[in-house]
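A, B, ... follow the sequence lines: proteins, then strands. Residue 1 opens every chain.
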2 protein chains.
Amino acid sequence: MTEDWVALLRERGYRMTHQRRLVLGAVRELRHATPEQVHSHLRQQDDAVDLATVYRTLELLVDLGMVGHSRLASNAETYHLIAHADHIHLVCRGCGTVSEAPVEVADGFAGKVRAQGFEPDLGHLVVYGRCADCASAT
Amino acid sequence: MTEDWVALLRERGYRMTHQRRLVLGAVRELRHATPEQVHSHLRQQDDAVDLATVYRTLELLVDLGMVGHSRLASNAETYHLIAHADHIHLVCRGCGTVSEAPVEVADGFAGKVRAQGFEPDLGHLVVYGRCADCASAT
DNA sequence: TTAACTGCAAATAATTTGCACTTCG
DNA sequence: CGAAGTGCAAATTATTTGCAGTTAA
């Protein structure tokens, strides 16, 4: 798979670098990470990658279609591997917890949206609301 | 309805001011507006409300439950009247156009999410994807 | 070799906050 | 009158960019 990635970069005139491998690795490990989280995760290990480079790399990875991004909190964009995008996000407004649900729960919904001529990207679906705990606590 | 609002404010020790009326009016007229848009909309009229006040007022209105907010573009939070929140947002990644669909298309989906113990807030649902035009253009 | 990439620092953009003055009730 | 609200400017936070030195191919 790493090879596919190198080919993908080459095709577009990009190069494979140590930093890019590290950033992609961090996104894979963290599953849902903000640029800031990727940056500090890498710093905690031997490897430090400049925050600006993290931003540039994440943008590149999104462009290549390897990584997706969603706004899971009102002030932070989080990135995740497309290969892991087999779920939708349920964000609780009460406690901020992000839980996941299989994309299948949105299949019927997706069909109706498609019927309107819009092709939804469920790998990025974020639903706000209240989790069971916060709903009962009111 | 304006009276309800005044009562709502009073109950919580807040006051009704000229600026608050203006901001709510702008949100109503613009339907989906960023703080910046509310600010310039008001400035184009005789009335100018400081941008910081716009932010403070929108936050208050959200708190009162009169206004909702969603991230329709990657860099801008937009606000809308809850009374108008009878639709979901379809945001095209290709052209950036925001179209609307009735909440009913998500009814079945909402039921499945509830079955998992999560109460979704469909008035804030934002779905990213590609509109018919951009999908065919590829 | 050489164009792409990186780190660093400075620049922007979006949003928040401190404070003295104004206004609602 | 007195607490709540506002404008203005400064502070924060998130993200982007310019540039000189580094590195992949």
Side-chain angles (χ1 to χ4, degrees), chain A residues 2-3 5-27 32-43 45-64 67 69-79 96, chain B residues 2-3 5-27 32-43 45-64 66-67 69-79:
Chain A
T2 299
E3 288 315 301
W5 179 24
V6 175
L8 206 58
L9 286 170
R10 292 275 177 77
E11 280 168 27
R12 307 216 200 169
Y14 297 129
R15 295 175 182 172
M16 171 53 64
T17 67
H18 187 206
Q19 288 89 336
R20 287 178 180 167
R21 247 185 290 268
L22 290 170
V23 170
L24 184 62
V27 170
H32 295 132
T34 61
E36 193 58 60
Q37 290 170 327
V38 168
H39 179 245
S40 55
H41 175 81
L42 291 175
R43 183 163 37 186
Q45 309 181 152
D46 46 3
D47 316 289
V49 175
D50 191 82
L51 184 55
T53 299
V54 171
Y55 273 99
R56 285 186 280 228
T57 303
L58 289 172
E59 185 186 3
L60 173 67
L61 293 173
V62 169
D63 216 58
L64 292 177
V67 161
H69 57 311
S70 341
R71 185 79 51 168
L72 295 188
S74 60
N75 54 347
E77 191 86 336
T78 66
Y79 294 77
Chain B
T2 298
E3 287 317 299
W5 180 25
V6 175
L8 207 59
L9 286 169
R10 291 276 176 75
E11 280 169 27
R12 307 218 201 167
Y14 297 129
R15 297 175 182 173
M16 170 54 64
T17 67
H18 187 205
Q19 289 90 334
R20 286 178 180 168
R21 248 185 289 268
L22 289 170
V23 170
L24 183 62
V27 170
H32 295 131
T34 61
E36 193 60 58
Q37 290 171 327
V38 168
H39 179 245
S40 54
H41 175 81
L42 291 175
R43 182 161 40 184
Q45 310 180 155
D46 45 2
D47 317 290
V49 175
D50 192 83
L51 184 55
T53 299
V54 172
Y55 273 99
R56 283 186 281 228
T57 302
L58 289 172
E59 185 185 4
L60 173 66
L61 293 173
V62 169
D63 216 58
L64 293 177
M66 305 196 57
V67 160
H69 58 311
S70 342
R71 187 76 54 166
L72 295 188
S74 60
N75 54 347
E77 192 87 335
T78 66
Y79 294 76

**Asked** Pick from A/Val38, A/Leu22, A/Val54, A/Thr78: which one makes a side chain to side chain contact (heavy atoms under 4.5 Å, CB included) with A/Val27?
**Response**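 That would be A/Val38; it is the only one of A/Val38, A/Leu22, A/Val54, A/Thr78 passing the side chain to side chain contact (heavy atoms under 4.5 Å, CB included) with A/Val27.
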[X] side chain near [N] phosphate (N/O to OP1/OP2, under 4.0 Å):
X       : N      : result
B/Gln19 : D/dG7  : yes
B/Thr17 : D/dA4  : no
A/Tyr55 : D/dT15 : yes

Tell me: [atom1] of [X] to [atom2] of [N], nearest whole Å?
X       : N      : atom1 : atom2 : answer
B/Asp63 : D/dG5  : CG    : C1'   : 16 Å
A/His69 : D/dA14 : NE2   : P     : 17 Å
A/Leu51 : D/dT16 : CG    : P     : 10 Å
A/Glu77 : D/dT13 : CD    : C1'   : 15 Å
B/Glu11 : D/dA4  : CD    : C1'   : 17 Å
B/Tyr14 : D/dG2  : OH    : P     : 23 Å
B/Leu42 : D/dG7  : CG    : P     : 10 Å
A/Glu36 : D/dT15 : CD    : P     : 9 Å

**Item:** For A/His69, all residues meeting ring pair (Phe, Tyr, Trp, His ring centres under 6.0 Å), sequence neighbours excluded
**Value:**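 A/His69 satisfies ring pair (Phe, Tyr, Trp, His ring centres under 6.0 Å) with A/Tyr79 only.
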**Fill in**
Scanning both residues in full, the closest heavy-atom pair of A/Ala76 with A/Thr34 reads CB-CG2, 3.6 Å
**Asked** Do you know which two heavy atoms are closest between A/Glu36 and A/Leu51, and how far apart they sit?
**Response** OE1-CD2, 3.7 Å
**Request:** Would you mind reporting whether A/Val67 and A/Leu24 have side-chain heavy atoms less than 4.5 Å apart?
**Result:**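 Yes, at least one pair of side-chain atoms sits under 4.5 Å.
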**Fill in**
chain B vs DNA chain C, heavy-atom contacts under 4.0 Å, first-to-last nucleotide span, 5' to 3', is C/dA14 to C/dG25
**Request:** Check every strand shown and say whether B/Ala76 touches a base, only sugar-phosphate, or nothing at a heavy-atom separation below 4.0 Å.
**Result:**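 It contacts nothing in the nucleic acid.
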**Request:** Name the nucleic acid region contacted by B/Arg56, choosing base, sugar-phosphate or nothing; use a 4.0 angstrom heavy-atom cut-off, strictly under.
**Result:**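 Touches a base.
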**Asked** Axis-to-axis angle across the helix from C/dT1-D/dA25 to C/dG25-D/dC1, five pairs an end, to 10 degrees?
**Response**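 Roughly 40°, once rounded to the nearest ten degrees.
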**Donor-acceptor contact below 3.5 Å, side chain B/Arg20 vs main chain B/Leu61** =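 Checked: no pair found.
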**Message:** So, using salt bridge (Lys or Arg N to Asp or Glu O under 4.0 Å) as the criterion, who are the partners of B/Asp63 when residues are at least two apart?
**Reply:** B/Arg12
**Request:** List for me each residue that meets salt bridge (Lys or Arg N to Asp or Glu O under 4.0 Å) alongside A/Arg71, sequence neighbours excluded, and say none if there are none.
**Result:**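 With neighbours one apart ignored, the set is A/Glu77.
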**Item:** For A/Thr53, all residues meeting side chain to side chain donor-acceptor pair (under 3.5 Å), sequence neighbours excluded
**Value:** none
